[in-house]
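What follows is one structure encoded as structure tokens, with my remarks underneath.
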Amino acid sequence: MGAVGGRGQGGRVRPAPPLRRARAMALAAALGLGALGVLGALLAGLPGGPLAAGVLGALLALQRRLRPHLWADLAFALRALRPLGRAARSVARVANALRALRAPPRPGDTVGLLVGNEPRFVWGWFGLAALGARPAFLGTALRPAGLRHCLRGCGARALLVADDLFGSVEPLLPSLREDGVAVWVLGAGPYPPGVVALQELLDAASEELEPEDVWEPEDMNDTCLYIFTSGTTGLPKAARVSHLKSIMCLSFYELVGASSQDVVYLALPLYHMAGSLLGIVGCLGIGATCVLKEKFSASQFWDDCRAEGVTVFQYIGELCRYLVNQPQRPGERQHRLRLAVGSGLRPDVWRSFQQRFGPVRIVETYGMSEGNVTLFNYTGTPGAVGRCSFIYKLFSPFEVVRYDVAAGAPERDKAGRCIRARTGETGLLIAPVTRRTPFLGYAGSRELSEQKLLRGVFAEGDEFFNTGDLVEQDEEQFVRFRDRIGDTFRWKGENVATTEVAEALLAHESLQEATVYGVTVPGHEGRAGMAALVLRPGRSLDGPGLYRHLEQLLPPYARPRFLRLQERLEMTETFKQQKVRLARDGCDPALVPEPLFVLDEATRAFVPLDAERWQRLRDGQIRI
């Protein structure tokens, strides 16, 4: 575990004009509304003022009733208006070492970066950026075929790799040579012919980097770096991230209420946006200390927090679930952690986390590497990913439109326009593509980017980014994540949200983990619900009890028809559940090695699914 950054280090970065305009609009709205309190104080001192002040007081009371979160909305908007943070410390030695190569990276060149969760990732990243090269962050668990796909996808002309990860690159050397990809290793070697060991150059490199040596972009919306999608539904795609978006991440921790005095615990992979741009850049933006963990450990987490004086934890929802599933230990509430910020935290885990570990403030967020919309739940309301107040929409506009799951597309009216979802109705989250909120798309063929765009949404010629996420806006303007469009499935003529089913399953005391997905069943239309489950230690599956439990929480069509018991659930490196493989395995007991159960309406229970019962189901003798 290492520390990156330091308190109070860095220099200011001027926001780009589009960002200044967004802030100016939010400031005008904030000042117009915030003036009510000042006006009340002035009125009270004028003739007839007490009456006017009383009327204003009544208006403020009405505001508290009708818009109880107005001041939280304003406070968040004002935080967004403060100057962006500070620049990173010098990475001169890396930049100068790379410049000393026989064929150094040039501005605009793409260079793959394959380094684990350690300071060298940051040095390599910033060193390449100083020379104008575009780093492409590569997953450390990529197999040779996946690694070659990623390098080709982003058009990399070189690969910068840590010495401890060179073993995953060595089998690819002949094909990399064919593709004209140079390999530079952060190590001393020896390495095979053609591979450059950088340690000598690093040792000899100057620690000074003159301002004129640092490359500067001409357009803030140009590509700054590439971050690959997780590839849970196919091969990873290289998302383009602009200079403007990278700079905006400097204000991330300031927006959620952190400061230079905080110590941030970061165990998320740096090759994804949450770890690199929000975590590292966010810490640099406020001059906070970052405790960088190589790999998350639920059993070591609280010991680490006490040892390092951690005050802020950046999470993915699964990490919090790992913590609440740990056996209770003495001293769990003896820590300085005051703020947890991240995404994907289920309401039940949210409440359990705070009940068990103390009054930690939780800020749930929403965003995508390639997306042009972000959301913040700055009020601490469990289960919401953000708020859709008119103030927030001034600088992060979005819409929620009706979505036809069966057709796999937004619903449109007779004029061909999308239909806005009603309050409380699940719909597709989309965001307008403009100069201020651009979508740079993906490296490679144009079709990859076109798939994420909707046109003619509300008017001829408009263009929106399709997040692929289904959300719901409630009456209090909170936005709640419901499902991915690829995860939601249709059964008995109804749309089933996998997240809703998973939450219902995990409310049962015997279950520790659950992944829900749809499977095809011979002789049946649509996809039937299936859940891969992990039982709590020492527990067994109570078929009748689980049936009664789900009967209370889910409508008949949403109750899973099949269960698959596993010792553990496979996750991606970014803690996403691997549903695609599970759905492909299906529910045939001849093909699935783990114990299977089927919902039996006759006995009102989940019963073992063997070959004989499966054949009866296929023959239509068992109704599901």
Side-chain angles (χ1 to χ4, degrees), residues 139 141-150 153 228-237 318 344 405-409 448 451 468-470 482-492 494-503 505-506 511-535 541 557-599 606 608-611 613-619 622 624:
L142 283 171
R143 297 294 183 265
L147 183 59
R148 189 182 190 191
H149 163 80
C150 289
F228 286 86
T229 60
S230 61
T232 52
T233 57
L235 292 171
K237 294 178 291 187
E318 288 297 304
V405 173
L448 293 174
Q451 293 170 4
D469 289 330
L470 300 175
R482 289 301 179 226
D483 221 348
R484 294 285 296 170
I485 57 175
D487 291 342
T488 294
F489 57 89
R490 199 164 180 84
W491 178 250
K492 304 290 186 183
E494 301 282 354
N495 298 335
V496 180
T498 59
T499 51
E500 179 186 9
V501 180
E503 286 180 13
L505 285 164
L506 290 167
L511 301 181
Q512 181 165 295
E513 298 182 55
T515 293
V516 179
Y517 47 97
V519 294
T520 56
V521 182
H524 294 76
E525 295 295 328
R527 288 192 291 159
M530 186 167 183
L533 304 175
V534 175
L535 296 167
L541 184 70
Y557 65 83
R559 297 167 198 162
R561 265 48 192 176
F562 301 95
L563 305 178
R564 174 176 178 169
L565 293 189
Q566 300 194 177
E567 292 186 1
R568 63 184 180 85
L569 296 182
E570 292 186 15
M571 299 280 178
T572 68
E573 280 197 296
T574 49
F575 309 101
K576 293 180 180 178
Q577 297 173 337
Q578 302 239 15
K579 296 186 181 184
V580 175
R581 183 185 63 80
L582 291 169
R584 190 168 55 242
D585 288 349
C587 50
D588 185 345
L591 302 176
V592 178
E594 289 88 7
L596 295 178
F597 292 79
V598 63
L599 184 148
F606 287 94
L609 178 61
D610 54 21
R613 185 172 270 120
W614 172 249
Q615 189 58 49
R616 289 171 56 203
L617 188 154
R618 293 186 56 148
D619 293 342
I622 296 178
I624 59 172

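In this structure R482 satisfies the side chain to side chain donor-acceptor pair (under 3.5 Å) test together with E472, sequence neighbours excluded. Legend: residues meeting side chain to side chain donor-acceptor pair (under 3.5 Å) with R148, ordered by chain and number and at least two apart, are D179. In this structure Q512 satisfies the side chain to side chain donor-acceptor pair (under 3.5 Å) test with no other residue, sequence neighbours excluded.
By the 4.5 Å heavy-atom criterion applied to side chains, Y517 and D585 are not counted as neighbours. Side-chain contact between L617 and F562: present, with at least one pair of heavy atoms (C-beta onward) separated by less than 4.5 Å. Here the side chains of P560 and V516 are not in contact, with every heavy-atom distance at 4.5 Å or above.
Pairing each heavy atom of A502 with each of A514, the nearest pair is CB-O, 4.4 Å. Contact detail for G518 and A583: the closest heavy-atom pair is O-CB, 3.8 Å. Here the closest heavy-atom approach between residue P522 and residue W614 is recorded as CD-CH2, 4.0 Å. The two atoms that bring M530 and C587 nearest to each other are SD-CB, 3.8 Å, heavy atoms only. Closest non-hydrogen pair, A532 versus L582, comes out as CB-CD1, 4.1 Å.
The CD atom of Q566 sits 11.0 Å away from atom CG of L535, with the distance rounded to the nearest 0.5 Å. To the nearest 0.5 Å, atom CZ of residue F606 and atom CG of residue L541 are 8.0 Å apart. We find the CG-CG distance between L506 and L533 to be 8.0 Å, quoted to the nearest 0.5 Å. A distance of 11.0 Å separates CD1 of I622 from CG of L599, quoted to the nearest 0.5 Å. Atom CG of L563 is separated from atom CD of E594 by 13.0 Å, given to the nearest 0.5 angstrom. Note: L609 CG to R564 CZ = 12.0 Å, rounded to the nearest 0.5 Å.
In this structure, R143 contributes its side chain and A141 its backbone to a donor-acceptor pair below 3.5 Å. In terms of modelled atom types and a separation under 3.5 Å, the side chain of T229 and the main chain of K237 share a donor-acceptor contact. In this structure, the side chain of R561 engages the main chain of R559 through a donor-acceptor pair within 3.5 Å. Between the side chain of R613 and the backbone N or O of P608 there is at least one donor-acceptor pair closer than 3.5 Å. Side-chain atoms of D483 never come within 3.5 Å of backbone atoms of L470 as a donor-acceptor pair (strictly under, hydrogens ignored).
When each of V405, T498, V519 is checked for a side chain to side chain contact (heavy atoms under 4.5 Å, CB included) with F489, only T498 meets the rule. Each of T520, V521, V496 was compared with R527 under the side chain to side chain contact (heavy atoms under 4.5 Å, CB included) criterion, and only T520 meets it.
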